[in-house]
Amino acid sequence: MSRKLLETDGPEWVKKGIISPEQQRQLLELYPEDVRAIGLLPLLGSLLVGLSALSLVAANWQGLPEWIRIGLLLGGFLGAYASGEFFLRRGNSSVGIGLVGLGLILFGAAIILTGQMYQLIGYDVTGLVAWAVAGTLLTYLYRSRFLFVLTVVIGGVVQGYTTGQLGAFSYAAAVLTAGGLGYYWWRRPDVFLGGVLASGLLWQTGLLIGHLHAKITWFFVPAMLIYAAGDWQTDRPAGRALQGPPLITAFVFMLGLALYGEVGSYAGMLRPPLLAYLAALLVVFVISLAGKRTRDRMGSATDWLLLLPGFYLSGGLPLAIASLVVLYAYSGAVLWRAQVEQNPDRVTLGTILFILTTMVAYFKLTWEFMDKSLFFLCGGVLLLGLSWYLRRRNTRASSR
Amino acid sequence: MFSLLSDQVPLARRRQLLLLTILAQVLFIVAVAAAGYATTAYGRVITLRTTPIDPRDLLYGDYVTLNYSISQLPTNLWREPGPRPRRGDPVYVVLRPVGQAYEAVRVYAKKPNVPADQVVLRGWVADRWRRNLHIRYNLERYYVPEGTGQELERRGARKPLLVNISIAPWGQARITGVEIVAPDSLGAPRL
């Protein structure tokens, strides 16, 4: 509940006799108003002054002596850190952490601009990794979710620049994100941060696979390792949030495989050596299962159905059918578990996945053989029937 | 550092570590600047010649990509016994003044001792073909002063540019300036 709701709806509750005025006052005391140290106008005013200073500096940047430029860069992030600390001490945490985040961004700008000034940057990754290190340290020191997200983004940007522009992969940045921020999340589990961390790590994994020119399906070995970490996390919702992005990528990949199968240039990038791939995946599978067993979540083992390597079947149609079988197995399992656990959210999710798979299957298998008007008619009837059937089961499940 | 995650860490200790973290950031920036400055102050300046490249590829926003005459070296300059270097291997290229600029004479796997008129530049094998080695020196990018990129791009595409490099005694090298070779070598504008 928020203070806002209490303030707007509270009088109504008092009028209806649900709570007494005294109780309303007590409830309001539970949610103290945020300390607003500064109003909006001074903030906007200082923002404008800051912008004018920034444009003045930017316009004369080349003409300034080097030591003044360095001084301005240092002063920029030091000032932001100092004012952030000032606001934090006065109890205004959102402005304070915002300013610390600004300081971190300015530190990155200082690294890049100093490097450019001396023509040093371009091939040197150390400076950019230092940026990610600073972000990780500040995240630990302030224990801030905002700085955590910012550091994940910085790690992703650094890695993107390194692979894209320098043709190298910074293992330091990857280890820093996985180890530094991963450990933070492990100790202070959080749903939102779990999703952000997993997405950031998957992005770096994708860049690594691209950099190594490896078969694209290798992606799922590290991706499922991230998933397995979620199995070992004691905080169930946070662990589930970490597992979301790997599962989504696996589902979307299978969907794409079912739709486009062998066409395009990536057919040759699909199949790693069978034994090596399966062995690696099996190791991750065992780690994940052990985690599920220890934490008593064996029911979610059906997630692994998405990883069935149907893509080893060659040719257009067998490959599409194999991918569809995998997709049906997975969405069916989600629906089945929803039924068992009587979880309405999961019923919705399972329904969506099931309908999505059916649409892809229908499109893939009948587009070429059917008259188009008949195609749409049958498709519509199929979807309507399916939604009617699933909704009926849904109501039955929730009424039970 | 991991103990910071528990709530028992006293505020004073946290502030102390915070100060250290910020101080380290300041020192890092100062160190980058000092390394850059020292390379110019103590370094030996040589001039390299670029080869004209496709003008569409030259200018990337705020920097130009430079391709040197010493970026492609014939394999017969390799002076080490054993196999030719592989991609990513560090190499040491010995340069000698030829006319306006320095050109490569030999390539080694370890830093050699050279006569006073020659210099050693460190590079990495970016690619190798049967007769050629493509060497990367980390000097291939020049951050141009605002507004001069177009000019550099136009001239550099037709004629070679002369690039001044400062090589520090400890091996670090950086670009200190780029000159456009004027047709009559009079009044060459410096950028």
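Lettering follows sequence order; numbering is per chain, from 1.
- Applying the side-chain contact (heavy atoms from CB on, under 4.5 Å) criterion to B:Arg131, with sequence neighbours excluded, gives no partner residue.
- Residues of residues 33-48 of chain B lying under 4.5 angstrom from chain A, judged on non-hydrogen atoms, are B:Ala33, B:Gly36, B:Tyr37 in numerical order.
- Proximity to chain B (any heavy atom under 4.5 Å) is shown, for A:Tyr184, by both the backbone and the side chain.
- Considering only heavy atoms from C-beta on, A:Phe107 stays 4.5 Å or farther from A:Leu138 through its side chain.
- Of the residues considered (A:Leu141, A:Leu78, A:Thr114), A:Leu141 shows the highest number of contacts with chain B, using heavy-atom pairs under 4.5 Å.
- In plain terms, the two heavy atoms of B:Leu139 and B:Arg174 that are nearest each other are CD2-CA, 3.8 Å.
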Would you be so kind as to tabulate the donor-acceptor pairs closer than 3.5 Å made by side chains of residues 19-28 of chain B, with sequence neighbours excluded?
from	atom 1	to	atom 2	distance (Å)
B:Thr21	OG1	B:Leu17	O	2.8
B:Gln25	OE1	A:Tyr81	OH	2.8
B:Gln25	NE2	A:Tyr81	OH	3.4

Show the numbers, then the answer: is there a side-chain hydrogen bond (donor to acceptor under 3.5 Å, both in side chains) between B:Asn67 and B:Gln72?
-> CA-CA 9 Å; B:Asn67 193 32; B:Gln72 310 281 348; 4.8 Å; no

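- In this structure, A:Phe146 has its ring center at least 6.0 angstrom away from the ring center of A:Phe148.
- Judged as a salt bridge (Lys or Arg N to Asp or Glu O under 4.0 Å), the pairs with a partner in residues 67-88 of chain A (not counting sequence neighbours) are, in order, A:Glu85-A:Arg89, A:Glu85-B:Arg15.
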